[in-house]
Amino acid sequence: MLDALQRPLGSLRISVTDRCNLRCRYCMPEDDYVWLPRTSILTFEEIARLSSVFASQGVRKVRLTGGEPLLRHDLPTLVGMLARDARIEDLSLTTNGLLLAKQAAVLRAAGLMRVTVSLDTLRPERMLAFAKSQRHADVLEGIAAVRASGFEKLKLNAVVIRGFNDDELADLIEFGRRHDAEVRFIEYMDVGGATRWSREQVVSQQEMLDTLTRRYGAIEPIAGHGAAPAERFRLPDGTTFGIIASVTAPFCRTCDRSRVTADGTWFLCLYAGTGVDLRERLRGGATDEELAALIRDTWQGRTDRGAEERLGVADRGALYRIDSLRADPHREMHTRGG
Ligand code: SAM
Ligand code: SF4
Ligand code: SF4
């Protein structure tokens, strides 16, 4: 099934909670937030049913995210329910890692296939300043636990911000090499929630490559990233890494991703102003066929190219002001899932 720009419905990110135990400056810089009402949060049964209907329409990859997904009570049970669906070929999780040490083995046993851990800095004092947490050691323990639990692949995500961690690119690559993990550098995006965003703080893909070339020598691009957001590269010694250049070289033309928030609102793009309320249909007694028809009709009309459209915005600044985020928390990255 293709959208209006011939892009398939291939991957679904499911946010299981809008709560988080970090306060990353690029995602949740404010002192307080408006949360989704608890009664609106989908149950595991509702999430599994939606996932199954999406799978019937072509979704093959599901990524659990949040907020911080490991804050959702009993997450391995949900993983087990989703893993039973043979149509889901790739079931993964994006986490900040704080609670991972205890849960990695159980999640693996439940059927989780891949884990991505967000690791922006190797310096605990920077994490304290930038994410208001002293628990850097817990993240490192979480990463070790993933490695010890038999996951085939581990990715480490780092949002690169000028003046914060742009001097750690090589250190992060070395850390990844030591832990058999592939590092992916992410350009700082002006998504909802990033109220402190400015163009000057964005370190572009080209700048990252220049820095790493000075350190390692010629870097070779690896061809063919398909619908994956990261472009991958190889250092002269064979080490690979990725860059997600959503700001300077967006990849909307191949985007097969959409997102369901913890309260069942379906967004066709990270930048989309509005979403489709699937919870209302689900709780209102819609059949699987009716849900599938809604998903099909909506996807076939999809024309979203949010990041590409942002390229044309003169005087680009934060996408939403705080009052508008408070008026509708669905606009927040931590609600929508990264
Ligand atoms: N809490 C989990 C975590 O941090 O991994 C999962 C949710 S988080 C919203 C998912 C991803 O979005 C993370 O890798 C995070 O770094 C990324 N992210 C959040 N805000 C961002 C921004 N302004 N620009 C680029 N990436 C961002
Ligand atoms: Fe940081 Fe993820 Fe929490 Fe956002 S949701 S504040 S990126 S840990
Ligand atoms: Fe996909 Fe929207 Fe991101 Fe473009 S901005 S890659 S269309 S989610």
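Whatever order the structure lists them in is the order used to number ligands and atoms, beginning at 1.
Near Arg257, meaning under 4.0 Å from one of its heavy atoms, ligand 3 places the atoms 6 (S). Listed by atom number, the atoms of ligand 3 under 4.0 Å from Arg259 heavy atoms are 8 (S). Of all atoms in ligand 1, numbered sequentially from 1 with element shown, those under 4.0 Å from a heavy atom of Asn157 are 14 (O). Those atoms of ligand 1 with a heavy atom of Cys27 less than 4.0 angstrom away are 19 (C), 20 (N). If you number the atoms of ligand 1 from 1 as listed, the ones under 4.0 Å from a heavy atom of Asn96 come out as 2 (C), 3 (C), 5 (O). Applying the 4.0 Å criterion to heavy atoms of Glu68 picks out, from ligand 1, the atoms 1 (N), 2 (C). With ligand atoms numbered from 1 in the order given, ligand 1 contributes 25 (C), 26 (N) to contacts under 4.0 Å with heavy atoms of Ile186.
At a threshold of 4.0 Å, the pair Asp167-Arg126 counts as salt-bridged, since one of the basic side-chain nitrogens sits closer than that to a carboxylate oxygen. Between Arg177 and Glu174, at least one side-chain nitrogen of the basic residue sits less than 4.0 Å from a carboxylate oxygen of the acidic one, meeting the salt-bridge criterion.
If you check the side chains of Arg279 and Ser40, you find no donor sitting under 3.5 Å from an acceptor. Between the side chains of Glu68 and Asn96, at least one donor N or O sits under 3.5 Å from an acceptor N or O.
Annotation: atom 26 (N) of ligand 1 to nearest protein heavy atom, Val159 CG2, 3.5 Å. Of all protein heavy atoms, the one lying nearest to atom 5 (O) of ligand 1 is Ser118 OG, 2.6 Å. The protein heavy atom nearest to atom 9 (C) of ligand 1 is Gly338 N, 3.6 Å. Considering only non-hydrogen protein atoms, atom 15 (C) of ligand 1 sits nearest to Tyr26 CE1, 4.1 Å. For atom 18 (N) of ligand 1, the nearest protein heavy atom (residue, atom name, distance) is Met333 CE, 3.6 Å. Closest to atom 24 (N) of ligand 1, if we only count protein heavy atoms, is Met189 N, 2.9 Å.
Residue contact annotation: Arg336 has no non-hydrogen atom under 4.0 Å from ligand 1.
At a heavy-atom distance under 4.0 Å, only side-chain atoms of Thr65, from C-beta outward, approach ligand 1. Here Asp190 has no heavy atoms under 4.0 Å from ligand 1, in either its backbone or its side chain.
Around atom 3 (Fe) of ligand 2, the protein atoms of type N, O or S that sit closer than 2.8 Å are Cys20 SG. Excluding waters, the protein N/O/S atoms found under 2.8 Å from atom 4 (Fe) of ligand 3 are Cys252 SG.
Of the options Leu122, Asp120, Leu119, a side-chain contact (heavy atoms from CB on, under 4.5 Å) to Glu168 is made by Leu122 and by none of the others. For the pairing with Thr195, the side chain to side chain donor-acceptor pair (under 3.5 Å) check across Glu30, Arg321, Arg25 returns one residue only, Glu30. Among Leu268, Leu2, Ile295, Asp3, the single residue meeting the side-chain contact (heavy atoms from CB on, under 4.5 Å) criterion with Leu9 is Ile295.
Proximity annotation for atom 1 (N) of ligand 1: of Gly66, Cys20, Gly97, Gly67, Gly67 comes nearest, heavy atoms only.
Backbone and side-chain nitrogen or oxygen atoms of Asp120 are examined, and none is located within less than 3.5 angstrom of a nitrogen or oxygen of ligand 1.
Atom CD of Gln134 sits in a sparse spot, with 12 or fewer heavy atoms from other residues, nucleotides or ligands closer than 6.0 Å.
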